Amino acid sequence: MPQIDDMTQLTPTANLTTIENTFTQYSTSLDSFAPRLLDWFAENGRHDLPWQQHQTDAPNPYIVWLSEVMLQQTQVTTVLPYFARFMASFPTVQDLAAAKWDKVAEHWAGLGYYARARNLHKGAKQLVEVIDETGDFPQTLAGWEAISGVGPSTAGAIMAMGLHRYGVICDGNVKRVLTRWAAIDGDITKSATTKELWALAERLTPIENSGLFAQAMMDMGATLCTRSKPACLLCPLQEDCLAHEQGRETDYPVKAKKQPKPSKFSNALLIEDIDGKILWLQRPDNGIWGGLWSLPLQFVEKIAGKMNTKTAAEKTTEIDDTSLKVTSNEKVYEAEFTTAEQIINEWLDKHKLTAKAVSKTLLDDAPIKHSLTHFHWYLTPQSLILNAEQITEITEALEAAQININWLNAVDAQATLGLPRAMVKILE
DNA sequence: GTCCAGGCTT
DNA sequence: AAGCCTGGAC
């Protein structure tokens with residue numbers, strides 16, 4: 001734990017000094033922050049989450065590590081059933097490390113951000129290696145940060161809550177609470193602001209009970225200091241919250257304006273045999289849905305995000321144009337295919353085969369829209385039935401290129417493969 | 001329907 | 001700095 005004298009050195013500008021000068025009795029505000037928060041947490045916090053370890057003297061770091069990785073970018077209610085299934089199938093880190101990737105992927109399917117699942121599986125193997133060498137889980141912040149998928153905040157959470165040692169977290173919840181409490185106007189996506197927030201989090205975290213403090217901060221951010229409509233009346237920090245004083249709670253945290261998202265159009269090929277078995281491809285580890293199974297996708301086009309500064313004339317064209325076509329100020333990009341999709345496309349070309357639209361009714365031919373962080377994806381299901389000879393040919397072509405493939409009907413695919421949500425939508 | 005949150009890796 | 005996914009808020 002850095003001493004307070006060191007803290008000012010951590011801040012690039014006079015950040016903490018600014019905060020301290022803001023209060024006439026700054027040490028009272030800063031020093032009473034944790035006691036007020038912990039009192040609130042004892043009375044009103046959640047103490048029944050299945051991964052919480054603060055009521056035991058022998059915390060299980062595996063449970064905290066697993067839950068923290070799941071809780072990255074994901075809300076508690078979404079994580080709960082996934083966590084239960086993981087613990088049932090992989091009760092120890094050794095079980096997880098020994099599992100096959102496809103089994104891990106199937107357990108994770110639907111949670112999103114699949115790199116987390118790949119890192120989790122890799123991390124389990126790394127942890128078993130550490131345990132075999134030292135007899136125990138890593139015991140230091142650096143030891144945990146060396147595990148794949150564990151960054152500074154997750155490592156701090158594991159130190160504090162999984163080992164009952166000293167640890168600091170500074171996740172999205174903490175950042176929202178702190179930017180409001182101290183009215184920090186810097187863009188939280190900038191590294192200077194990140195540094196400032198980490199320094200403040202460290203200054204506020206009590207040396208004793210850092211685990212309870214971390215839980216309390218996360219609970220505060222999730223239940224009181226919410227993004228919209230924060231419950232300031234119930235907040236133990238209300239009396240010296242600068243954002244509240246100014247009535248500007250929802251102005252924080254400050255983030256740079258989002259860039260317009262491009263749109264991508266693809267066909268999702270349902271390549272079937274006469275028994276209704278569908279061709280599935282395992283996607284490469286990098287890129288979208290890495291390591292998961294997907295239908296072959298056929299790139300159609302990609303259109304740049306809509307500009308914010310459109311002229312009235314351009315807006316009119318846009319309204320008139322209901323068929324998702326390129327408009328004048330939009331750019332068309334290069335096609336994007338995986339190796340497997342290239343092989344399939346070349347094979348279809350060679351045999352002059354074209355997939356047909358699958359719509360139950362004439363009106364039901366709209367593409368499925370799937371929005372991601374950085375683009376909108378419009379997926380149009382297209383069907384193609386192949387004979388036995390063609391099935392053999394395409395299977396051999398893909399296997400020759402070391403592509404992992406599967407022929408499974410819709411029900412079996414959902415039950416046994418890790419399918420991303422968009423694929424489930426298409427099957428439905 | 002649209003907008004937005006969210007930690008880590010590369 | 002960009003890429004990654006889904007669900008909840010509105």
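Since this is a predicted model, take the numbers as computed values, not measurements. Throughout, a chain's letter reflects where its sequence line sits, starting with A, and its residues are numbered from 1.
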**Spacing of A/Phe375 atom CZ relative to B/dC3 atom C1', expressed in whole Å** = 17 Å
**Request:** Measure from the side chain of A/Arg421, starting at C-beta and using heavy atoms only, and say which of C/dC5, C/dG7, B/dA5 lies closest.
**Result:** C/dG7
**Message:** On DNA chain B, compare the nucleotides closest to A/Thr74 and A/Gly149; which residue's is nearer the 5' end?
**Reply:** A/Thr74
**Asked** Choosing from C/dG8, B/dA5, C/dC10, which nucleotide comes nearest the side chain of A/Ser228?
**Response** C/dC10
**Complete:** Among C/dC5, B/dC8, B/dG7, the one nearest any side-chain atom of A/Pro152 is B/dC8
**Which atom of A/Pro230 lies closest to which atom of A/Glu249, heavy atoms considered** = CG-CB, 3.9 Å
**Message:** Please determine whether a side-chain nitrogen or oxygen atom of A/Trp289 lies at a distance below 4.0 Å from atom OP1 or OP2 of C/dT6.
**Reply:** yes
**Request:** Write down the distance between CG (A/Asn286) and P (C/dA2), rounded to a whole number of angstrom.
**Result:** 19 Å
**B/dG6 base / A/Tyr113 side chain donor-acceptor hit below 3.5 Å** = yes
**Prompt:** Could you state the NZ-C1' distance from A/Lys425 to C/dG7, rounded to the nearest angstrom?
**Reply:** 10 Å
**Message:** Mind checking if A/Ser148 touches a base, just sugar-phosphate, or nothing, with heavy atoms under 4.0 Å?
**Reply:** sugar-phosphate
**Asked** For A/Lys255, which contact category applies under a 4.0 Å heavy-atom criterion: base, sugar-phosphate, or nothing?
**Response** sugar-phosphate
**Request:** Send over the distance from A/Arg227 CZ to C/dG8 C1', rounded to a whole Å.
**Result:** 8 Å
**Message:** With a 4.0 Å limit, can you tell me whether A/Thr154 has a side-chain N or O closer than that to the phosphate oxygens OP1/OP2 of B/dC8?
**Reply:** yes
Going by atom type alone, with no hydrogens or angles, which donor-acceptor pairs under 3.5 Å involve a side-chain atom of residues 61-71 of chain A and a protein atom two or more places apart or on another chain?
unit_1	atom_1	unit_2	atom_2	d
A/Tyr62	OH	A/Phe90	O	2.7
A/Ser67	OG	A/Ile63	O	3.0
A/Ser67	OG	A/Val64	O	3.1

**Flag if over 12 foreign heavy atoms under 6.0 Å of NZ, A/Lys122** = no
**Asked** So, does the side chain of A/Gln72 form a donor-acceptor pair with the base of B/dG6 at under 3.5 Å?
**Response** no
**Closest-nucleotide ordering on DNA chain B, the 5'-leading residue of A/Leu71 and A/Lys122** = A/Leu71
**Value in whole Å for how far the C1' atom of B/dA5 lies from CZ of A/Arg180** = 12 Å
**Asked** Touch check for A/Arg118, heavy atoms < 4.0 angstrom, all strands: base, sugar-phosphate only, or nothing?
**Response** nothing
**Prompt:** Looking at A/His54 versus A/His47, is the centre-to-centre ring distance below 6.0 Å?
**Reply:** yes
**Prompt:** Within this structure, what is the CG-to-P distance between A/Leu120 and B/dC8, rounded to whole angstrom?
**Reply:** 13 Å
**Request:** Begin from the C-alpha positions of A/Trp101 and A/His121 and carry the test side-chain contact (heavy atoms from CB on, under 4.5 Å) through to its verdict.
**Result:** CA-CA 7 Å; A/Trp101 160 250; A/His121 194 212; 3.9 Å; yes
**Request:** Compare side-chain N and O positions of A/His370 against OP1 and OP2 of C/dT6 and report whether any pair is under 4.0 Å apart.
**Result:** yes
**Asked** When we call it a touch if two heavy atoms are under 4.0 Å apart, what does A/Val69 touch: a base, just sugar-phosphate, or nothing?
**Response** nothing
**Request:** Can you tell me the distance, in whole Å, between the NE2 atom of A/His121 and the P atom of B/dT9?
**Result:** 17 Å
**Prompt:** Whole Å only: how far is the CG atom of A/Leu372 from the P atom of C/dG7?
**Reply:** 12 Å
**Request:** Give the intermediate values and the outcome of ring-ring contact (aromatic ring centres under 6.0 Å, His included) for residues A/Trp51 and A/Phe83.
**Result:** CA-CA 9 Å; A/Trp51 46 80; A/Phe83 176 79; 5.3 Å; yes
